[in-house]
Amino acid sequence: AAKGAGRDRVHVFSPGLREAARWRLEVANRLRDGAVDEFVVHYQPVVRVDTGEIEGVEALLRWQHPERGLLTPDAFLSVAEETGQLIPITRWLLGETTRQAAAWAEQGLPLRMSVNISARHFSAETLVHDVRVALHDSGLAPESLVLELTETSVAEDPTRAEDQLAVLQSSGVTVAIDDFGTGWSSLAQLLALPIGTLKIDRSLLTAAARLAAHGTGPVLAAIVSLARTLGIRSVAEGVETPAHLQMVRDAGCDLAQGYLLAQPMPASDVLRWASRVRAAGG
Ligand code: C2E
Ligand code: CA
Ligand code: CA
Ligand code: CA
């Protein structure tokens, strides 16, 4: 509450905002002091819609905070991005995930490994180098690595994005457009870029269901088939219910990801999860 003037003028901040500001400062300090050691990676299976078999995984960053427990990216990602720490963290993550994928391949489970790349890293000179180093050190085949870029990070500067994407593609990795449907970029423009995969955001699943209910027709199927015509695979994200899965199947989507299928999990659980699904017959 306001206590007159002077130094108490912080009253314009709600306690929630003050708490948030304190948290951001704490995160920034810990990142600077080497909290990189406390990061872990969880992996969420991406499955084939037709068989239910695992095709790949998406690497999702977690922070094993000594006092606060396991934190998801909403608690720290924007701070890491602002302080410039996200690029070094991602460099570490690329090393970790390519090693993991190479190990799984050796154990008889070749999986595509998807890694999220921030807009800032995408526009940085170092990305291509960082990717090459990770592939070289791990021995992972470039075809097994997928870099996920959001629609907005490629839409910002399409001409530059196209060049950068072409360079990445020439190194053999696949680029996926993430969160498709959350921005306002044109599908035609996105699909003209050198990309291999389109990840359809959960919000588009719900919107498609609504539109279908109004007789607007198979929106999702149109997107998926346009992508396929151009040799681009589609992944439906955020599949939470059997109805979602049915819709995704009807639309002809190749791959799906979501809580209905599997939660993100530590690396040690992935082999077991994959073999359980196989044993169950998909
Ligand atoms: P994203 O790339 O869209 O990743 C999918 C997010 O949706 C993950 O949240 C995942 O746990 C969650 N999810 C999966 N299935 C479902 C579902 O069925 N329903 C719902 N509601 N959510 C589902 P998470 O791990 O909290 O990550 C949030 C976002 O943080 C990611 O969204 C991505 O944008 C970012 N992120 C995560 N890891 C990294 C990273 O290593 N680098 C960068 N730059 N960003 C990352
Ligand atoms: Ca992603
Ligand atoms: Ca996404
Ligand atoms: Ca998302």
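As the structure lists them, so they are numbered: ligands from 1, and atoms in each ligand from 1. Computation of the quantities below employed the complete heavy-atom set of this structure, encompassing side-chain atoms and omitting hydrogens, waters and symmetry-equivalent molecules.
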Taking the side chain as every heavy atom from C-beta outward, state whether L220 and M247 have any pair of such atoms under 4.5 Å apart.
yes

If you compare L149, L77, L86 by their heavy atoms, the one closest to atom 36 (N) of ligand 1 turns out to be L77

Residue E148, metal the Ca ion (ligand 2), N/O/S under 3.0 Å
yes

Out of the candidates L255, I200, D254, V239, only one should pair with V248 under the side chain to side chain contact (heavy atoms under 4.5 Å, CB included) rule; please name it.
V239

Considering S118, S153, A236, which one's heavy-atom position lies nearest to atom 44 (N) of ligand 1?
S118

Do the side-chain N and O atoms of S78 and R24 include a donor-acceptor pair separated by under 3.5 angstrom?
yes

Within less than 4.0 angstrom of ligand 1, does E58 place any heavy atom?
yes

Between D201, N116, T182, L71, which one has a non-hydrogen atom sitting closest to atom 43 (C) of ligand 1?
N116

Just wondering, is there an N, O or S atom on E237 that's nearer than 3.0 Å to the Ca ion (ligand 3)?
yes

Do S203 and T206 get their side chains close enough for a donor-acceptor pair, meaning under 3.5 Å?
no

Decide whether the shortest distance between a heavy atom of E237 and an atom of ligand 1 is less than 4.0 Å.
yes

D201 backbone or side-chain N/O/S under 3.0 Å from the Ca ion (ligand 3)
no

Is ligand 1 less than 4.0 angstrom away from at least one heavy atom of V239?
yes

Going by the angle between their ring planes, with limits at 30° and 60°, are W92 and F39 parallel, tilted or perpendicular?
tilted

Parallel, tilted or perpendicular: ring planes of H65 versus W23, cut at 30 and 60 degrees
tilted

When you measure from the heavy atoms of K199 to every atom of ligand 1, does any distance fall below 4.0 Å?
no

Give the intermediate values and the outcome of side-chain hydrogen bond (donor to acceptor under 3.5 Å, both in side chains) for residues Q263 and Q44.
CA-CA 6 Å; Q263 300 268 342; Q44 185 177 35; over 6 Å; no

Note: P264 and Y259 closest approach over all heavy atoms is CD-CE2, 4.2 Å

Close approach of E240 to ligand 1, heavy atoms, under 4.0 angstrom
yes

N/O/S atom of N116 inside 3.0 Å of the Ca ion (ligand 2), strictly under:
yes

